[in-house]
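Please read the structure below before turning to the comments.
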2 protein chains.
Amino acid sequence: MTLHPELERANSRGRPRQFDPDEALTAAMRVFWEHGYAGASISILVKAMGLNRGSLYATFGDKEALFHRVMELYEREKTAYMMDALDQPTARGVAERLFRGTLALQTNSDNPKGSMGIVHSVSHAPGDEAIRTFVMERSNFWREKLIDRMIEAQRQGDFPSTIDAKSLALSLKASSDGLLVAAGTGASAAELSGIVSIFLATWPGK
Amino acid sequence: MTLHPELERANSRGRPRQFDPDEALTAAMRVFWEHGYAGASISILVKAMGLNRGSLYATFGDKEALFHRVMELYEREKTAYMMDALDQPTARGVAERLFRGTLALQTNSDNPKGSMGIVHSVSHAPGDEAIRTFVMERSNFWREKLIDRMIEAQRQGDFPSTIDAKSLALSLKASSDGLLVAAGTGASAAELSGIVSIFLATWPGK
DNA sequence: TTAATTATTGACCGTTCGTTCTAAATATAT
DNA sequence: ATATATTTAGAACGAACGGTCAATAATTAA
């Protein structure tokens, strides 16, 4: 793992790049999203990104560094709704925003199906431990935020005190993950919407 | 992909095996469960199974055939509770049996964490399409059974007619999958139990 | 005892993997 | 023009992959 060189260098000297780094990164995100880290070979990546091996390593560092860049982009462009959800005024609002965001993400035909996070969280392939650790850190960060938010919601009386706030948070995360699994394994938009309807209909409190 | 030879051949002639095929298969199941199909290299498998490459191929056929054998064993020994759940008298009973079974499976310290099915369902690595298709067929079979069961439950008045039976079935599957994801990504037994409590507390009807 | 049969062992095959490297191409600064 | 800087292109690297094979060992049938 190396520190990556700057993407935008504003060079004046030297032969100019024949590819756009941002477009290449977007293409790489799609490849990792569709195929997973292990399945995204350098050969597939360079073809999709429109550059050659040398340029990939010179611009982005090695495969792991490229993946880190891709995850940044993924979280900024695709899963920002997860942090947004925490700002909703009630626990139900958080759940609703979370589910609707997932629905929108998975229904958008431009996006590959399923979640980049989950794919890499559940895979224990040798050689991918570092990747799994990296993804899990992000996932755990989000998990803690959600627990804190539900504890706060309980203080505000959003749901009965008989319900354990942490468990509610974890069940919300599990439901969201289950929805993403369904999306990644071929469920239709109508089916996903139906699942969300049930989740929201059975949500306890306001 | 080749047709596998018989596991138990009752040979009298020839050099006897120095390993037990059933034990070897159980060891292979653990490896696939922990590392996934792509991550379970032949080198890792033969070491865990206590035989050499030649014997593996002679006894079980190629890697894909071995995986099929492993999935048979996995479903027979580990996930039988899923089909059992369908026999419960009410919709709530189905959900309860399903969740309790998942809890028991994931809490048993002899078992690797997470679900073999989900790991291979969400992985789109090139070269694993056949594996993914195979696993998805099993998953879809179970899915259809669950939908039929919830339609029947609605006819019997287990939950209000305002609820869409198919969506309830899919949400139950999503919840179960989410629980398995949680289990596979390090959730404690107490946390898993808490999630199940929420799921059951919010289950609609009897 | 001999022939036939089956299992074990480890070398070996071609392919693909991530990564590196060298030579050629293309730009700017002087 | 010439030197310097950067990218491109593709060959090449060692390691690991799934899979095969010939030689040897161990057993039973004749």
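Between the side chain of Arg53(B) and the base of dG18(D), a donor-acceptor pair under 3.5 Å is found.
Applying the side-chain contact (heavy atoms from CB on, under 4.5 Å) rule to Gln18(A) yields the partners Arg15(A); only residues at least two apart in sequence or on another chain are considered. The side-chain contact (heavy atoms from CB on, under 4.5 Å) search around Glu34(A) returns Arg30(A), Pro112(A), not counting sequence neighbours. Scored by the ring-ring contact (aromatic ring centres under 6.0 Å, His included) test, Phe134(A) finds His68(A) as partners (sequence neighbours excluded). Annotation: side-chain contact (heavy atoms from CB on, under 4.5 Å) contacts of Glu144(B) (sequence neighbours excluded): Ile147(B). For Lys47(B), the side-chain contact (heavy atoms from CB on, under 4.5 Å) test picks out no residue, with sequence neighbours left out.
An OP1 or OP2 oxygen of dT9(C) is reached within less than 4.0 angstrom by a side-chain nitrogen or oxygen of Asn52(B).
For the pair Leu56(A) CG and dT19(C) P, the computed distance is 9 Å after rounding to whole Å. Distance, Met49(B) CE to dG18(D) P: 13 Å, rounded to whole Å. Atom-to-atom, CD1 of Ile131(A) to P of dG18(C) comes out at 12 Å; the value is rounded to the nearest Å. Between the CZ atom of Phe60(A) and the C1' atom of dG18(C) there is a distance of 17 Å, rounded to whole Å. Regarding Asp20(A), its CG atom lies at a distance of 14 Å from the P atom of dT7(D), rounded to whole Å.
A salt bridge is defined here as a Lys NZ or Arg NE, NH1 or NH2 lying under 4.0 Å from an Asp or Glu carboxylate O, and Arg155(B) with Glu152(B) fails to meet this definition.
When distances are taken from the side chain of Ile42(B) to each of dG18(D), dC17(C), dT8(C), the shortest belongs to dG18(D). With dC17(D), dT8(C), dG18(C) as the candidates, the nucleotide lying closest to the side chain of Tyr57(A) is dG18(C). Listed candidates were dG18(D), dT19(C), dA9(D). Nearest to the side chain of Asp62(A) is dT19(C). For Lys63(B), taking side-chain heavy atoms from C-beta onward, the closest of the listed nucleotides dT19(C), dT8(D), dG18(D) is dG18(D).
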Checklist line | Reading 5' to 3' through nucleotides 22-30 of chain C, protein heavy-atom contacts under 4.0 Å coded B for base, S for sugar-phosphate only, - for none | finding: ---BBBBS-

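Across residues 28-41 of chain B, Ala40(B), Ser41(B) each have a non-hydrogen atom less than 4.0 Å from an atom of DNA chain D (numbered order).
Put simply, the side chain of Leu73(B) reaches to within 4.5 Å of the side chain of Arg76(B), judged on heavy atoms.
Pairs of residues two or more places apart, or lying in two chains, that qualify as side-chain hydrogen bond (donor to acceptor under 3.5 Å, both in side chains) and include a residue from residues 113-126 of chain B are His124(B)-Arg132(B). Applying the side-chain hydrogen bond (donor to acceptor under 3.5 Å, both in side chains) test to pairs two or more places apart or on separate chains, those with a residue in residues 86-110 of chain A are Tyr81(A)-Thr102(A).
Mapping Ile44(B) and Phe19(A) onto DNA chain D by nearest heavy atom places Phe19(A) closer to the 5' end of the strand.
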